[in-house]
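First up is the structure itself, then whatever we jot down about it.
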Amino acid sequence: MGLIAPLFLQLAQMALVLAAAPLLTGFVRTLKARLQRRAGPPLLQVYRDLAKLTVKDAIVATDASWLFRIAPYLIFATTWVAASLVPSFGTNLLFSWSGDLIVIVALLGSARFFQMLAALDIGTAFGGIGASREAMFASLAEPAMLMIVFTVALVAGSSQLSDIATFMHSGAAGLRLSLALGLVALVIVALAETGRFPVDNPATHLELTMVHEAMVLEYSGRHLALIELANALKLLLYISLIASIFAPFGIAALGAAPEALALGLVAYGVKLAFGAIMLAGFETAIAKMRVFRVPNFIGAALMLALLGTLLLFVSATL
Amino acid sequence: MTPIILLCALASFALGGFGAILGRTPAGRIIVYGGSLAVAGAALLAALVQLGLGVAPEPSVALPLGLPLIGMNFGMNDLSAVFLVITNLGAAAASLYALGYGRHEPEPWRILPFYPVFLAAMNLVLIAADAYDFLIFWELMSLASWALVMAHHEQEETRRAGIIYLLMASAGTLVLLFAFGLLAGPHGHYAFAAMRGMQRAGWIGGIVMLLALAGVGSKAGLVPLHVWLPRAHPAAPSHISALMSGVMTKVAIYAFIRIVFDLAEPAAWWWGLAVLIVGGITAVLGVLYALMEDDLKTILAYSTIENVGLIFVGLGLALAFKADGMMVAAALALTAALFHAFNHMLFKSTLFFGAGAVQHATGERALTKLGGLIHRMKMSTVPMLIAAMAIAALPPLNGFASEWLLLQAILLSPALPQFGLKLAVPAVGALVALAAAFAAACFVRLFGFAYLGKPRSAQAAAAHETDAFSRAAMIGLAALCVVAGVLPGFVIDLLAPVTQALLGAHVPSQRGLSWLTVIPVSASRSSYDPLLIFIFIAVSGSLAALALHRFGSRVIRRAAFWGCGYQGLSDASARDVASSTQYSPSGFAQPIRQVFASVVFRARDDVVMPAPGQLGPASLASSWTDPAWWAIYTPLVTTVGRIADRVNRLQFLTIRRYLAFVFLALVILLAWTALWG
């Protein structure tokens with residue numbers, strides 16, 4: 001097949017996640033508004049917001065350092081690379097082997113690292129409170145995510161996402177208790193990491209409740225656009241991740257025919273839409289937690305995932 | 001290569017002599033540190049040649065010194081060579097740093113004579129080929145580093161740290177003496193070559209392993225033997241702290257590998273279990289301490305405990321795999337541990353150098369008094385940031401590469417047959433994951449509060465950049481962090497002969513893999529390409545910057561931050577008000593302290609409110625205690641004191657009673673020999 005076609009597919013994947021991410025976020029917002037009997041913003045509002053932000057001047061706090069200015073680029077770059085490593089419409093793309101699931105988790109960790117540093121850079125109380133809470137959530141969510149990675153990798157015999165998706169697609173995994181525990185844990189971690197209900201409210205600007213918003217409060221213009229885009233990418237990443245591990249239906253294999261690729265693309269769209277509907281329904285039905293109840297919530301994910309891993313250590317068939 | 005290292009050690013001793021003579025002159029500093037730099041460079045080169053070219057191990061060199069009939073034997077194999085690389089690279093960087101930093105030392109004659117001796121002792125421990133040499137130089141290493149810790153003896157804290165260090169180091173050596181005694185067997189074969197081939201009962205090997213774990217753990221900082229480390233390491237001048245944290249703990253790890261993997265054969269499965277559990281607990285507790293601490297160098301010392309814990313998790317896994325005959329997996333775990341040891345030397349030395357620069361520039365080490373240094377120490381901020389990212393295990397830097405290998409080794413462990421291991425390994429895996437997440441929070445806190453934000457004291461506001469030597473040392477090590485992170489395959493290949501010699505297996509060669517990928521087991525299990533990831537991040541970040549600057553706005557406007565109207569106060573005080581409304585480092589750690597440390601560390605936040613009607617300020621005091629102190633050391637000290645009081649009576653007996661004791665002892669010994677002889 002030469003090098004051109006795989007390279008094209010890889011670039012298509014990178015462009016696809018970048019283009020689809022704001023749409024997904026907009027879709028969730030519109031759905032939520034409709035569920036709450038509001039009209040809500042138009043579906044494409046997120047694109048318009050991003051376009052508007054990019055042409056506006058960036059206002060930077062007087063005491064901000066160079067770190068504050070390069071952080072958005074790093075946050076965006078690491079999140080985009082991580083999102084591109086998750087299979088969307090097809091597995092085994094040209095560079096899919098360059099990082100396994102652990103690398104994806106760590107790339108998101110890098111984005112968070114810079115986000116927290118940027119929050120501390122201006123020296124406001126808001127940045128500190130946001131970074132501090134984010135550090136607490138991450139200190140549980142990251143281990144939980146790694147234990148989920150262990151569970152999935154032990155079932156599939158590989159920590160490479162393409163291989164995991166192929167294995168799950170083949171149906172050889174069957175119904176397993178450990179995977180069920182892993183799924184519940186992954187959903188909890190995804191909610192926490194993307195800053196959704198009940199951990200954080202993506203629409204709040206109330207001092208007491210902000211976590212992620214408190215960290216990015218000082219950002220404006222193109223910097224804010226990058227961070228918003230990175231957030232949208234992160235939401236897409238987690239839905240794609242859950243889909244590629246637990247619902248790899250229709251995903252195209254290596255060197256598939258164009259029809260299979262088209263089918264994979266349609267299936268991917270359906271999965272994203274389903275994930276968005278579930279998320280909007282869940283967020284409408286549930287209230288935000290107090291900050292100090294969140295550790296119990298994410299801790300439950302850690303325990304579930306640890307239990308899943310333990311089961312697999314005890315017997316490979318559980 | 002052994003004679004070269006011996007010559008280097010000899011040169012170091014000579015430099016120590018120069019240091020004693022010229023300690024009070026500026027020339028002394030240049031001779032000692034410059035000479036140490038050259039000597040460490042030569043030793044580093046020799047070790048690299050041995051590793052890279054795969055020179056066959058030579059017969060050991062015997063010197064006509066030491067005990068009669070035993071002499072002093074030195075030999076160098078690949079394991080020694082790896083640790084010689086770690087030691088001498090760290091030593092070279094510390095010497096370069098000290099060429100500049102040593103200028104600020106008020107009493108250089110308290111450091112210069114001991115510094116080269118300390119370096120020589122570490123090198124000699126690594127090439128010792130019999131137990132006698134090993135223990136002599138181990139003790140010399142402890143004493144030289146103790147003398148260096150005591151350089152600032154006028155501070156009460158330092159003296160206290162010194163006495164605790166001396167006690168723990170002596171106890172550690174004593175325990176190691178017992179371990180070697182058991183290894184030497186009834187006929188006293190003190191040469192390592194003789195110990196290696198000896199047949200011994202399984203329980204003897206087990207006891208040796210436990211003794212080695214305790215003796216080495218007291219030097220490396222395994223919980224609960226860590227209590228001296230966070231006091232002694234920060235008390236020393238910063239280049240010494242870097243050597244103690246970055247290098248001396250690695251010498252201890254060398255000792256553990258040498259005794260347990262090489263001499264005390266064959267391993268039983270529970271050895272791995274014990275080491276794994278100790279390592280996992282050490283990793284998590286170490287970094288939790290670091291998260292709550294306020295002193296810059298103490299945070300780094302506690303983080304050393306964490307990293308030692310991670311290395312021991314790798315060693316424990318390797319032992320477990322080895323006992324069950326899974327040699328390739330054991331080689332992977334051992335490679336991860338050795339790689340992490342190398343990485344830890346790189347970033348921890350950089351961080352201590354940076355802490356030293358901060359301490360000199362501001363006179364402060366407390367995070368609550370720092371801030372805003374990124375504007376004032378422009379150059380030295382960059383290596384600090386890279387080292388903080390590396391130790392927080394962020395890709396594509398070196399800390400992540402070694403932790404990734406460790407996680408891959410954990411993923412191979414369901415194949416272990418024993419149930420104890422099957423239950424312990426996932427739990428330890430969770431501990432490792434927790435430690436990694438805490439480490440990221442810890443270094444966000446360290447870097448964020450020391451270098452970012454607004455200055456929290458006048459000294460921090462008046463900070464200045466450090467000197468060129470210090471900057472060169474920091475930038476050099478940070479660059480190596482990036483290189484080792486982006487091209488880990490070369491390091492893995494360099495470590496292959498070591499695992500081949502110790503385990504008879506090695507991680508598949510990474511040479512010739514396309515795109516410099518790392519494939520530790522097989523391509524179908526996992527692969528990681530840090531070079532590509534690095535390029536991807538660089539390209540996509542630059543693309544975003546290019547696109548935004550081309551199609552969007554490229555204007556930057558400066559304005560005051562949003563502080564809920566606080567900066568609207570009078571202009572003169574605005575800066576002070578704004579800097580005191582910043583978040584504090586202990587406030588940052590408060591959620592984690594409340595969630596994780598309220599039980600184990602008895603962490604408490606006490607708010608004292610003024611009585612109603614009083615106008616005094618309310619105060620908040622947060623406190624925490626080290627469980628090792630109240631659970632182990634305080635009862636131990638009390639018990640020892642009580643026994644000493646009892647035994648004190650023996651000092652005041654009559655000469656008849658003393659003679660009776662001597663006679664009784666003689667009778668018992670004679671009876672013993674008669675029965676057993």
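Fair warning: this is a prediction, and the values are worked out from it, not measured in the lab. Every chain is numbered from 1 and lettered A, B, ... according to where its sequence line falls, protein lines coming before strand lines.
Summarising the geometry of B:L411 relative to A:L154, their closest heavy-atom pair is O-CD2, 3.4 Å, with the distance given to 0.1 Å. Taking every heavy atom of both residues into account, B:S540 and A:A77 meet most closely at OG-CB, 3.5 Å.
A:I122 touches chain B through backbone and side chain together, each having a heavy atom under 4.5 Å away. Residue A:W97 touches chain B through both its backbone and its side chain, counting heavy-atom pairs closer than 4.5 Å. Only the side chain of A:L226 has a heavy atom closer than 4.5 Å to any heavy atom of chain B. The parts of A:I59 that come within reach of chain B are both its backbone and its side chain, each placing non-hydrogen atoms under 4.5 angstrom from that chain. Neither the backbone nor the side chain of A:A225 comes within less than 4.5 Å of any heavy atom in chain B. At a 4.5 Å heavy-atom cutoff, the contact between A:I129 and chain B is made by backbone and side-chain atoms alike. With a threshold of 4.5 angstrom between heavy atoms, A:I102 approaches chain B through its backbone and through its side chain. Looking at A:F126, the atoms closer than 4.5 Å to chain B (heavy atoms on both sides) all sit in the side chain, from C-beta outward. A:D57 touches chain B through backbone and side chain together, each having a heavy atom under 4.5 Å away. Contacts between A:F76 and chain B at a heavy-atom distance below 4.5 Å involve the side chain alone, from C-beta outward. If you measure heavy-atom distances from A:A131 to chain B, the contacts under 4.5 Å come from both the backbone and the side chain.
No donor-acceptor pair closer than 3.5 Å links the side chain of A:K56 to the backbone N or O of B:S553. Side chain of B:H375 to backbone of A:D63: a donor-acceptor contact under 3.5 angstrom is found. With A:R222 contributing its side chain and B:G552 its backbone, the two residues share no donor-acceptor pair below 3.5 Å. B:R557 places no side-chain N or O within donor-acceptor distance of the main-chain N or O of A:V60, the cut-off being under 3.5 Å.
Between chain B and the options A:E218, A:M116, A:R112, heavy-atom pairs under 4.5 Å are most frequent for A:E218. Looking only at heavy-atom pairs under 4.5 Å with chain B, the residue among A:V149, A:T309, A:T124 that has the most is A:T124. Put simply, of B:L531, B:L434, B:I556, B:L543, the one with the most heavy-atom pairs under 4.5 Å next to chain A is B:I556. Across A:L312, A:L67, A:L101, the residue that shares the most heavy-atom pairs under 4.5 angstrom with chain B is A:L67. Counting heavy-atom pairs under 4.5 Å between each of B:A545, B:P530, B:A392, B:A440 and chain A puts B:A545 at the top. When each of A:R133, A:E142, A:H223, A:R69 is scored by its heavy-atom pairs under 4.5 Å with chain B, the top score falls to A:R69. Most heavy-atom pairs under 4.5 Å with chain A: of the set B:S413, B:A435, B:G429, this distinction falls to B:S413. Among A:S158, A:A156, A:A138, the residue making the largest number of heavy-atom pairs under 4.5 Å with chain B is A:S158. The residue among B:A388, B:P414, B:A427 with the most heavy atom pairs within less than 4.5 Å of chain A is B:P414. When each of B:G453, B:G448, B:P426 is checked for heavy-atom pairs under 4.5 Å with chain A, B:P426 comes out on top. The greatest number of non-hydrogen atom pairs below 4.5 Å with chain B, out of A:A135, A:A305, A:A106, is found for A:A106. Interface check for chain A: of the options B:S527, B:A589, B:S584, B:G587, the most heavy-atom pairs under 4.5 Å are formed by B:S527.
When only modelled atom types and interatomic distance are considered, A:S132 and B:Q590 share no side-chain donor-acceptor pair under 3.5 Å.
For the side chain to side chain contact (heavy atoms under 4.5 Å, CB included) with B:P395, the lone residue among A:V105, A:L107, A:V81 that qualifies is A:L107.
Of the inter-residue distances, the one linking A:F114 atom CZ with B:L385 atom CG reads 5.5 Å to the nearest 0.5 angstrom. Rounded to the nearest 0.5 angstrom, A:L117 CG and B:F443 CZ are separated by 12.0 Å. If you take OH on B:Y451 and CG on A:D121, they are separated by 14.0 Å, rounding to the nearest 0.5 Å. In this structure, the separation between OG on A:S159 and CH2 on B:W404 is 6.0 Å, given to the nearest 0.5 Å. Annotation: the span from A:D100 atom CG to B:S526 atom OG amounts to 6.0 Å, rounded to 0.5 Å. Here B:L452 contributes atom CG and A:L120 contributes atom CG; the two are 6.5 Å apart, rounded to the nearest 0.5 Å.
For the pair B:L394/A:T78, no side-chain contact is recorded, criterion being any heavy-atom separation below 4.5 Å from C-beta on. Residues B:V595 and A:M136 are in side-chain contact: their nearest non-hydrogen atoms beyond the backbone lie under 4.5 Å apart. The shortest distance between side-chain heavy atoms of B:P591 and A:F292 falls below 4.5 Å. Taking the side chain as every heavy atom from C-beta outward, B:L423 and A:F313 never approach each other to under 4.5 Å. Between B:V425 and A:F150 there is no side-chain heavy-atom pair separated by less than 4.5 Å. Counting only heavy atoms from C-beta outward, the side chains of A:W80 and B:I537 never approach each other to under 4.5 Å.
A parallel orientation is assigned to the rings of B:H549 and A:Y73, their planes being inclined by less than 30° (bins at 30° and 60°).
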A:V103 and B:F400: CA distance, side-chain angles, deciding distance, side-chain contact (heavy atoms from CB on, under 4.5 Å) verdict: CA-CA 9 Å; A:V103 176; B:F400 176 73; 3.9 Å; yes
